[in-house]
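Below is one structure; the comments refer to it alone.
Below, all heavy atoms of this structure are taken into account, side chains as well, without hydrogens, waters or symmetry copies.
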Amino acid sequence: MRTRKDRDDTGAIAVIFAILAVTLCMIAGLVVDLGLARDTRRQSQNTADASALAAANVLYPPSDTCTLANPGGGYTAPCFGDAITAAKTYAATNQQVTEADWSACTDPAAYWHPAGFTPCISFTDATLSASQPVQPTEVRVLTPTKAVGTGFGSLAGISQIDVRAVARAGVLSSTNNNCALCFLGDIDAGNADFTVSGAGIQVNGDLEIGASAYWTADSIGASGSVTGSHFSPAVDNTPAFTDPLAGLTLPTLTGTKFPAVAGCNTTINPGVYGSISLGNNHTCTLNPGKYVITGRWLLGNKSLLQGSGVTLYFTCGTVATPKVCAAGDTGGGWLDGKNGTVAITSGAAGFTDYVIIYDRLNPQGAIGLQGNGGTSITGAVYAPKARLDFNGNSCFGFSGGPIVVLGVTKANGTKSCVNVVNGQDLTASTEPGDVALDQ
């Protein structure tokens with residue numbers, strides 16, 4: 001016969017068993033939910049790693065030319081647009097991350113990212129700052145949040161587990177070359193003399209000079225072969241380098257439009273211009289400011305183009321609709337000094353150090369002189385796709401600088417020259433090396 005005490009114990013055990021059963025089921029469910037979250041977390045980490053490496057790999061293509069336009073324009077490395085696209089492509093392939101996911105993504109620890117683009121793909125250099133890097137060497141990718149729904153976890157008040165991952169890929173460190181006269185390509189300079197006082201010359205490629213040519217600077221470097229003997233000091237073999245002004249924001253295309261200027265034997269004001277042809281013995285004076293130029297500025301014999309506090313920006317399009325140059329464009333503005341004299345000094349607002357700027361893809365690849373033409377140009381010159389084109393007795397005279405151009409057109413005259421006084425060195429960083437995850 002069962003006693004009351006036996007019946008009481010049996011009831012207690014049943015209650016305890018029921019509680020333990022529910023608890024064990026909840027624990028088992030949570031184990032399943034956490035396992036799924038862990039697998040998703042591992043997938044997110046793989047996605048972040050692959051995306052960061054992919055982005056870093058395309059920042060500096062061997063050609064230094066981007067496939068996609070960079071945010072803000074231009075196709076010169078570092079290739080931010082290509083890097084962002086590569087990261088997103090890998091994320092879409094590995095974890096089906098959509099453009100909407102990136103749009104909603106936030107990263108409180110982001111480095112610099114282009115305006116209008118996700119902060120979850122960001123760039124920096126060795127400083128690890130949030131300022132725009134001239135030569136980024138780090139790419140940070142934070143994957144958008146993936147919500148892993150729970151089954152049994154909801155019984156404990158946990159309806160989902162948010163999962164994301166971060167990775168940083170570094171481009172191996174580079175070294176620096178200094179140059180006030182920076183050539184971004186090969187040089188075959190003929191018999192012209194090159195002199196830079198107080199600064200250096202760097203050639204990003206082969207360097208060849210004629211038997212009558214003399215090169216003098218504080219330092220001379222070339223990343224390729226060297227032909228010629230009159231170098232002082234001797235040419236150093238230096239690594240290939242990137243465009244030191246690749247991060248320069250180019251001038252805007254705004255200004256009063258001047259559709260026709262005949263001869264320019266007068267004083268003109270800043271604005272947007274097409275072609276101008278100075279007649280022989282004409283003097284064209286530029287008032288201070290920014291000049292957007294979409295055509296050829298041609299100087300006649302003994303003509304003079306002069307001005308102080310100016311910046312000349314040579315780009316594409318027309319006076320009515322000037323535009324940033326794109327791959328495949330024809331036309332474009334350029335300076336053709338011929339047998340005249342160019343005497344201009346930098347100083348336009350926002351570009352006080354720059355006197356001549358060519359758009360990065362300007363197809364008119366020359367800054368020209370000829371015969372007895374000469375220049376007295378004070379300030380920086382940036383024309384990454386143009387060559388200094390001169391011969392005969394013509395001579396480019398620069399003060400300060402720096403001067404960043406693609407190269408020179410072979411000078412045949414024995415008295416042609418390029419002289420830079422009071423040279424201002426730029427730091428031309430060498431091409432970054434291999435990439436690797438560093439975080």
Nearest-0.5 Å distance that lies between atom [atom1] in [X] and atom [atom2] in [Y]:
| X | Y | atom1 | atom2 | result |
| --- | --- | --- | --- | --- |
| Asp359 | Thr294 | CG | OG1 | 12.0 Å |
| Leu299 | Cys284 | CG | SG | 8.0 Å |
| Asn393 | Leu369 | CG | CG | 11.5 Å |
| Ser229 | Trp215 | OG | CH2 | 13.5 Å |
| Phe123 | Trp112 | CZ | CH2 | 7.0 Å |
| Thr85 | Phe80 | OG1 | CZ | 13.5 Å |

side-chain contact (heavy atoms from CB on, under 4.5 Å) assessment of Lys338 paired with Leu278: CA-CA 10 Å; Lys338 288 296 184 184; Leu278 275 67; over 6 Å; no
Given side chains that start at C-beta, do those of [X] and [Y] come closer than 4.5 Å, heavy atoms only?
| X | Y | value |
| --- | --- | --- |
| Asn419 | Cys395 | yes |
| Phe183 | Leu207 | no |
| Thr118 | Lys88 | yes |
| Pro270 | Asn287 | yes |
| Cys325 | Lys385 | no |
| Phe351 | Tyr382 | no |
| Phe396 | Ile367 | yes |
| Val196 | Asp218 | no |

Is it the case that the side chain of [X] and the backbone of [Y] share a donor-acceptor pair, with hydrogens and angles ignored and the cut-off at 3.5 Å?
| X | Y | result |
| --- | --- | --- |
| Thr311 | Tyr354 | yes |
| Asp329 | Pro363 | no |
| Asn362 | Gly333 | yes |
| Asn191 | Ser212 | yes |
| Asn204 | Phe241 | yes |
| Thr285 | Gln306 | no |
| Ser122 | Tyr111 | yes |
| Asp425 | Ala180 | yes |
| Lys410 | Gly190 | no |
| Tyr358 | Ala366 | yes |

Minimum heavy-atom separation for [X] to [Y], with atom names?
| X | Y | answer |
| --- | --- | --- |
| Ala327 | Leu361 | N-CD1, 3.7 Å |
| Arg296 | Asp336 | NH2-OD2, 2.6 Å |
| Lys146 | Val97 | CE-CG2, 4.4 Å |
| Ile357 | Leu250 | CG2-CD2, 3.9 Å |
| Asp193 | Tyr214 | OD1-N, 2.9 Å |
| Thr65 | Cys79 | C-SG, 4.3 Å |

Working for side-chain contact (heavy atoms from CB on, under 4.5 Å), residues Phe258 and Ile268: CA-CA 10 Å; Phe258 296 94; Ile268 61 175; over 6 Å; no
Do [X] and [Y] have side-chain N/O donor and acceptor atoms under 3.5 Å apart?
| X | Y | result |
| --- | --- | --- |
| Asp353 | Ser346 | no |
| Gln370 | Ser394 | no |
| Thr254 | Lys290 | yes |
| Thr98 | Asp101 | yes |
| Thr47 | Ser44 | no |

Stepwise side-chain contact (heavy atoms from CB on, under 4.5 Å) test for Val355 and Thr378: CA-CA 7 Å; Val355 63; Thr378 301; over 6 Å; no
Verdict with reasoning, Gln43 to Thr143, per side-chain contact (heavy atoms from CB on, under 4.5 Å): CA-CA 10 Å; Gln43 186 182 21; Thr143 60; over 6 Å; no
Phe314-Trp334 aromatic ring centre distance below 6.0 Å: no
Residues Gln202, Thr238; criterion side chain to side chain donor-acceptor pair (under 3.5 Å); working and verdict: CA-CA 8 Å; Gln202 288 289 335; Thr238 52; 3.1 Å; yes
